[in-house]
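Everything below concerns the one structure shown next.
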Number of protein chains: 2
Amino acid sequence: MLKLSKSVEYAIFAIKYLNYNTEDRLVSTKEISESMKIPYDLLAKIMQRLVKNDIVSSIQGTKGGYYLTKPPGQINLTQIISAVDSEIRLTDCLFDNATEEDCSRIGACSLRSPLNNLQNKIIKLFNSTTLEEII
Amino acid sequence: MLKLSKSVEYAIFAIKYLNYNTEDRLVSTKEISESMKIPYDLLAKIMQRLVKNDIVSSIQGTKGGYYLTKPPGQINLTQIISAVDSEIRLTDCLFDNATEEDCSRIGACSLRSPLNNLQNKIIKLFNSTTLEEII
DNA sequence: TTATATCGGACAAATTTAGTCGTATATAAT
DNA sequence: ATTATATACGACTAAATTTGTCCGATATAA
């Protein structure tokens with residue numbers, strides 16, 4: 001359970017490809033998919049999520065495609081994970097306003113606060129890890 | 001995918017219970033299970049893994065049960081995760097001697113090394129997080 | 001009008017996690 | 001010896017999540 005999802009891996013590959021190939025043109029999902037060997041339909045969805053989270057920008061229509069909204073040094077891992085998966089949560093209860101629906105122990109749980117500290121450290125680590133360091 | 005498994009959560013609860021209840025006696029899976037509201041059969045398997053990894057010790061037979069092998073300050077999160085889940089691996093390829101079976105990109109993958117650095121940081125963080133801080 | 005691209009949601013397959021069950025072994029008490 | 005209660009261990013099932021696919025809509029250049 002402590003693993004990057006395939007979607008996050010693919011997102012990183014895609015960002016890498018965009019970084020090296022969009023100086024003077026746009027790049028399509030098809031091109032990234034074939035070049036990086038990533039399933040087309042899955043990648044297409046990932047690209048949309050990256051667009052929604054303003055990590056990449058898109059131009060629609062023929063000759064359309066994607067480009068990076070900001071340089072890799074300004075994109076961090078937390079942003080990517082949040083964009084293509086969901087917010088980082090070490091347990092089901094570790095977010096604001098969690099209720100008994102999320103965990104029956106809530107309120108009486110002595111683990112919640114220390115695990116929240118741990119989660120914050122992980123998020124901090126991921127915040128400080130930029131794509132520039134990875135790609 | 002960046003979440004503690006239920007097994008790890010249950011293991012932490014169990015260690016906490018053992019820490020507070022085994023000064024002068026042994027504690028059974030049944031007692032922990034009922035007291036901490038953890039499914040008995042699942043907890044039983046978790047206890048066995050903790051024993052195998054020398055985090056807790058067991059005495060068999062009637063009047064048998066478990067106790068902590070070492071104090072919580074000497075147990076860290078990496079040990080627990082390795083014991084009840086498996087080694088921490090951020091991607092399928094991030095271990096020694098990974099082959100193309102594990103990832104077809106291996107050898108040519110530019111992400112492997114930087115992601116390995118990240119994985120080491122996470123492991124280091126988990127190594128430095130003892131159960132004393134959590135329970 | 002056509003070809004090619006993004007957009008978006010529903011769906012299916014595969015994998016992983018979570019939980020269950022049955023049986024064997026150990027040991028204290030009767 | 002037998003019984004009751006505990007751990008040990010593996011196989012199995014169920015549930016949840018991730019991964020991958022499909023289909024139709026919209027946008028735009030040629």
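Reminder, nothing fancy here: chain letters follow the sequence lines and each chain counts from 1.
- Protein atom NZ of B:K63 is 12 Å distant from nucleotide atom C1' of D:dA4, rounded to whole Å.
- With sequence neighbours left out, A:D92 forms a salt bridge (Lys or Arg N to Asp or Glu O under 4.0 Å) with B:K3, B:K6.
- Rounded to a whole Å, the CD1 atom of B:I46 is 15 Å from the C1' atom of D:dT7.
- Rounded to a whole Å, the CG atom of A:L4 is 16 Å from the C1' atom of D:dT17.
- Not counting sequence neighbours, A:E132 has no partner by the salt bridge (Lys or Arg N to Asp or Glu O under 4.0 Å) test.
- At whole-Å resolution of the value, NZ in A:K3 and P in D:dT17 are 16 Å apart.
- The nucleotide range of DNA chain C contacted by chain A, defined by atoms under 4.0 angstrom from heavy atoms of the protein and reported 5' to 3', is C:dA3 to C:dT17.
- Not a single donor-acceptor pair under 3.5 Å links the side chain of B:E87 to the backbone N or O of B:S82.
- No donor-acceptor pair closer than 3.5 Å links the side chain of B:T22 to the backbone N or O of B:N19.
- If you check the side chains of A:N127 and A:T78, you find a donor sitting under 3.5 Å from an acceptor.
- Between the side chain of A:D102 and the backbone N or O of A:T99 there is at least one donor-acceptor pair closer than 3.5 Å.
- For the segment residues 88-109 of chain B, the set of residues with a heavy atom within less than 4.0 Å of an atom of DNA chain D is empty.
- Per the geometry, CG belonging to A:D85 stands 11 Å off C1' belonging to D:dT19, to the nearest Å.
- Side-chain contact annotation: B:D85 with B:S5, donor-acceptor N/O pair under 3.5 Å present.
- Partners of A:E133 according to the salt bridge (Lys or Arg N to Asp or Glu O under 4.0 Å) rule, which considers only residues two or more places apart in sequence or in another chain, do not exist here.
- Here A:I106 sits alone; no ILVMFWY side chain lies under 4.5 Å from its own, so it joins no hydrophobic cluster.
- Nearest-nucleotide mapping onto DNA chain D: of B:G65 and A:K6, the residue sitting toward the 5' end is B:G65.
- Scanning both residues, A:N76 and A:F126, for their nearest heavy atoms gives CB-O, 3.7 Å.
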When the side chains of residues 38-53 of chain B are checked against the rest of the protein, which donor-acceptor pairs come out under 3.5 Å, sequence neighbours left out?
| from | atom 1 | to | atom 2 | distance (Å) |
| --- | --- | --- | --- | --- |
| B:R49 | NH1 | B:V84 | O | 2.9 |
| B:N53 | ND2 | B:R49 | O | 2.8 |

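- Proximity of residues 9-40 of chain B to DNA chain C (heavy atom under 4.0 angstrom from any strand atom) is restricted to B:Y10, B:P39.
- Only A:Q60, A:G61, A:T62, listed by number, bring a heavy atom of residues 53-62 of chain A to less than 4.0 angstrom from any atom of DNA chain D.
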Shorter than 3.5 Å, N or O on both sides, protein versus nucleotides 11-13 of chain D: list them out with atom names.
none

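- Through chains of ILVMFWY side-chain contacts below 4.5 Å, B:Y67 is grouped with B:L26, B:I59.
- Judged purely by atom type and a 3.5 angstrom limit, A:R112 uses its side chain to pair as donor or acceptor with the backbone of A:C93.
- In this view, A:E34 and A:K30 satisfy the salt bridge (Lys or Arg N to Asp or Glu O under 4.0 Å) rule, not counting sequence neighbours.
- Whole-Å rounding puts the A:L42 CG to D:dC22 P distance at 13 Å.
- Salt bridge annotation for B:E9-A:R105: absent, with no cationic side-chain nitrogen under 4.0 angstrom from a carboxylate oxygen.
- The closest donor-acceptor contact from the side chain of A:S128 to the backbone of A:L125 lies under 3.5 Å.
- Atom-to-atom, CG of B:L43 to C1' of D:dT7 comes out at 12 Å; the value is rounded to the nearest Å.
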